[in-house]
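What follows is a single structure, written as structure tokens, with notes after it.
Excluded from the calculations below are hydrogen atoms, water molecules and symmetry mates; all remaining heavy atoms, backbone and side chain alike, are included.
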Amino acid sequence: MGKYLNPGNAGFQSVLKGKYIDKTGLIELKWNKSPEGAIAQIKDKQYIQVIEDFGGEVLLVGINYETKNKTHSCVIEKYHRKPVKV
């Protein structure tokens, strides 16, 4: 049902897959950084490999929490797979 990856440090990704799930997302959380930086980390560290066999829509979600003013910001981006040569 779920697939887990722990690339190190304190973070982990949880991916739910199942018969009726046609969408999934990868979420990276940051403190006092930027949601764009979180999205970049998902791409740079290739977290997408965890769900490379998933055929549905994939959303990349970057969330940042500012501890000083207790606000958050979020960026959501559709993941576009590279075409596969046959």
Side-chain angles (χ1 to χ4, degrees):
M1 182 152 167
K3 184 174 183 180
Y4 300 94
L5 166 73
N6 189 343
N9 298 330
F12 70 92
Q13 290 76 43
S14 174
V15 180
L16 295 177
K17 295 195 244 183
K19 189 174 181 180
Y20 302 106
I21 298 174
D22 63 347
K23 294 179 184 163
T24 193
L26 291 171
I27 302 169
E28 180 63 28
L29 306 173
K30 295 289 182 193
W31 283 22
N32 304 315
K33 304 259 178 160
S34 75
E36 294 83 6
I39 297 280
Q41 180 175 330
I42 292 170
K43 293 175 181 178
D44 293 346
K45 295 197 175 192
Q46 300 178 1
Y47 295 162
I48 200 73
Q49 289 178 350
V50 175
I51 55 171
E52 63 187 13
D53 62 336
F54 180 74
E57 182 179 38
V58 177
L59 299 176
L60 308 180
V61 181
I63 301 172
N64 179 59
Y65 179 74
E66 291 291 335
T67 57
K68 191 173 187 176
N69 58 15
K70 297 184 184 200
T71 60
H72 74 276
S73 52
C74 178
V75 171
I76 300 172
E77 180 181 307
K78 259 189 198 179
Y79 176 71
H80 300 283
R81 288 180 174 79
K82 294 177 183 164
V84 178
K85 294 182 181 181
V86 184

field: side-chain hydrogen bond (donor to acceptor under 3.5 Å, both in side chains) partners of Glu36, counting only residues at least two apart
entry: none

statement: Residues at least two apart in sequence or cross-chain that pass side-chain hydrogen bond (donor to acceptor under 3.5 Å, both in side chains) with Asn32, listed by chain then number, are Thr67

State, to 0.1 Å, how close [X] and [Y] come at their nearest heavy-atom pair, and which atoms those are.
X     : Y     : answer
Leu60 : Ile39 : O-CD1, 3.3 Å
Gly62 : Ala38 : CA-CB, 3.7 Å
Lys30 : Glu28 : NZ-OE2, 3.8 Å

field: Hydrophobic cluster identity match, Val75 and Val58, side-chain contacts under 4.5 Å
entry: yes

task: Could you tell me whether a side-chain N or O of Asn64 sits under 3.5 Å from a main-chain N or O of Lys33, the two making a donor and an acceptor?
output: yes

statement: Taken to the nearest 0.5 Å, the spacing of Ile27 CD1 from Ile63 CD1 works out to 5.5 Å

task: Rounded to the nearest 0.5 Å, what's the gap from OH on Tyr79 to CG on Leu26? Could you check?
output: 9.5 Å

Working for side-chain contact (heavy atoms from CB on, under 4.5 Å), residues Lys70 and Tyr65: CA-CA 7 Å; Lys70 297 184 184 200; Tyr65 179 74; 3.4 Å; yes

- request: Output yes when Glu77 and Lys43 qualify as a salt bridge under the 4.0 Å nitrogen-oxygen rule, no when they do not.
  value: yes

